[in-house]
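These notes are about the structure you will find just below.
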Amino acid sequence: MDKLEQTVVWLKQAAKEYKNEVVFASSFGAEDVVLLDILEKNNIAMRVISLDTGRLPQETYDVMDKWRKKPRLNIDIYLPDANDVEAMIKQDGVNLFYDSIEKRKKCCEIRKILPLKRALSGAKAWVTGLRGEQAGSRVDMQAIEDDKTFGIKKFNPLIMWKEQDVWDYIKKHDVPYNALHNQFYPSIGCAPCTRAISVGEDPRAGRWWWEQEDAVAECGLHASPIKK
Ligand code: SF4
């Protein structure tokens with residue numbers, strides 16, 4: 001069984017075991033659009049959610065819109081609570097994330113973590129596009145594991161894929177992807193918190209780049225910290 005076939009097996013297993021209680025959380029990054037294409041091509045019914053933090057790059061909205069128009073996919077977009085955002089901006093300003101790690105985490109909590117918790121409420125499992133190659137910092141990642149943050153099962157069906165596998169798939173199947181990937185953005189988050197990387201930099205060096213080099217940056221969506 002090759003990597004693609006194994007991924008299909010895990011996705012079908014997740015859909016069969018958890019039916020409408022499994023959620024694929026997609027940010028429309030390269031790995032996520034591969035999974036969306038696999039779900040669509042293999043007719044695997046699964047609820048898909050995505051977080052619109054309100055600070056995403058236009059390129060992310062563009063690719064999100066392309067995928068939302070696919071009739072066989074059912075994609076729900078979750079936004080942060082408007083009252084929470086208003087209170088945060090009133091207290092700390094619109095660019096609070098540059099002030100301190102604590103304020104950056106506060107912004108991620110309000111714009112990402114709380115909406116994700118709402119999206120996952122009632123779910124018994126979720127699916128991510130994490131790859132094992134990225135797991136040097138995500139210790140002990142497994143294809144199917146217990147997610148300690150959310151207290152549900154977590155499926156990582158791309159765990160065996162290399163970056164080249166992802167891009168081979170995208171090119172072979174003409175999969176719509178985020179145009180920022182063509183501009184040296186391997187990892188794409190919110191616009192003010194993501195920059196392009198240079199040759200030789202860690203793929204995640206463009207996320208929260210202003211924080212100390214030796215700081216441990218947590219995306220907050222996955223339990224283990226990400227070392228920059
Ligand atoms: S990535 Fe930046 S803008 Fe987005 S939620 Fe986190 S701190 Fe806020």
Side-chain angles (χ1 to χ4, degrees), residues 23-33 48-65 67-68 75-121 126 128-131 134-135 137-138 147 149-150 154 177-181 183-198 201-228:
V23 174
F24 171 35
S26 168
S27 62
F28 304 98
E31 288 81 6
D32 290 352
V33 296
V48 181
I49 68 100
S50 189
L51 307 179
D52 176 0
T53 63
R55 302 297 300 255
L56 299 177
Q58 183 58 39
E59 290 84 349
T60 302
Y61 290 116
D62 291 343
V63 72
M64 177 191 287
D65 213 39
W67 282 100
R68 283 200 67 247
I75 302 178
D76 289 327
I77 310 295
Y78 282 75
L79 282 89
D81 182 281
N83 292 325
D84 289 350
V85 174
E86 280 181 13
M88 175 178 73
I89 289 173
K90 190 172 181 187
Q91 183 174 339
D92 299 308
V94 285
N95 285 336
L96 71 164
F97 28 79
Y98 296 136
D99 291 344
S100 67
I101 290 179
E102 288 67 36
K103 287 187 183 175
R104 191 264 292 166
K105 285 185 177 176
K106 178 180 177 179
C107 185
C108 282
E109 174 82 10
I110 287 172
R111 291 188 185 273
K112 292 200 291 197
I113 309 295
L114 293 179
L116 181 62
K117 282 187 175 158
R118 193 154 44 87
L120 293 182
S121 72
W126 69 308
T128 83
L130 294 176
R131 290 183 293 106
Q134 303 161 316
S137 49
R138 290 183 171 124
D147 187 313
T149 305
F150 298 105
K154 183 175 181 181
Y177 63 93
N178 194 318
L180 283 177
H181 286 310
Q183 299 171 42
F184 302 102
Y185 284 76
S187 173
I188 304 165
C190 294
C193 298
T194 309
R195 64 154 171 79
I197 65 166
S198 309
E201 276 194 302
D202 183 278
R204 290 192 67 91
R207 304 290 295 276
W208 308 296
W209 71 93
W210 63 90
E211 293 180 355
Q212 292 293 312
E213 273 298 302
D214 57 352
V216 174
E218 292 175 35
C219 72
L221 304 187
H222 304 289
S224 303
I226 297 166
K227 267 217 184 323
K228 290 174 76 174

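In each ligand, atom 1 is the first atom listed, and ligand 1 is the first ligand listed. The figures that follow rest on heavy atoms only: side chains count, while hydrogens, waters and symmetry mates do not.
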Could you check atom 8 (Fe) of ligand 1 against the protein and tell me its nearest heavy-atom contact, residue, atom and distance included?
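Answer for atom 8 (Fe) of ligand 1: C107 SG, 2.3 Å.
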
Residue and atom name of the nearest protein heavy atom (relative to atom 4 (Fe) of ligand 1), distance in Å to one decimal:
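Answer for atom 4 (Fe) of ligand 1: C190 SG, 2.3 Å.
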
For the pair W210 and F97, name the ring-plane relationship: parallel under 30°, tilted 30 to 60°, perpendicular over 60°.
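If you compare the ring of W210 with that of F97, the planes turn out tilted.
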
Per-residue contact class, R111 against ligand 1 - non-hydrogen pairs under 4.0 Å:
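Near ligand 1, R111 shows its side chain, while the N, CA, C and O stay back.
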
Does any N, O or S atom in C108 come within less than 2.8 Å of atom 6 (Fe) of ligand 1?
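Here the distance criterion (N, O or S atom, under 2.8 Å) is met by C108, so yes.
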
Qualifying residue for side-chain contact (heavy atoms from CB on, under 4.5 Å) with F28, from D65, V63, L56, N178
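Only one of D65, V63, L56, N178 forms a side-chain contact (heavy atoms from CB on, under 4.5 Å) with F28, namely V63.
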
Could you tell me which non-hydrogen atom of S187 sits nearest to which non-hydrogen atom of P203, and how far apart they are?
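The pair with the smallest heavy-atom distance is CB-O, 3.8 Å.
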
Report yes if some heavy atom in the side chain of I75 is under 4.5 Å from a heavy atom in the side chain of S26; otherwise report no.
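No, every pair of side-chain atoms sits at 4.5 Å or beyond.
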
Could you tell me whether F184 atom CZ has more than 12 heavy atoms of other residues or ligands within 6.0 Å of it?
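12 or below, so no.
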
Whether C193 has an N, O or S atom under 2.8 Å from atom 4 (Fe) of ligand 1
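Of the N, O and S atoms in C193, none lies under 2.8 Å from atom 4 (Fe) of ligand 1, which means no.
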
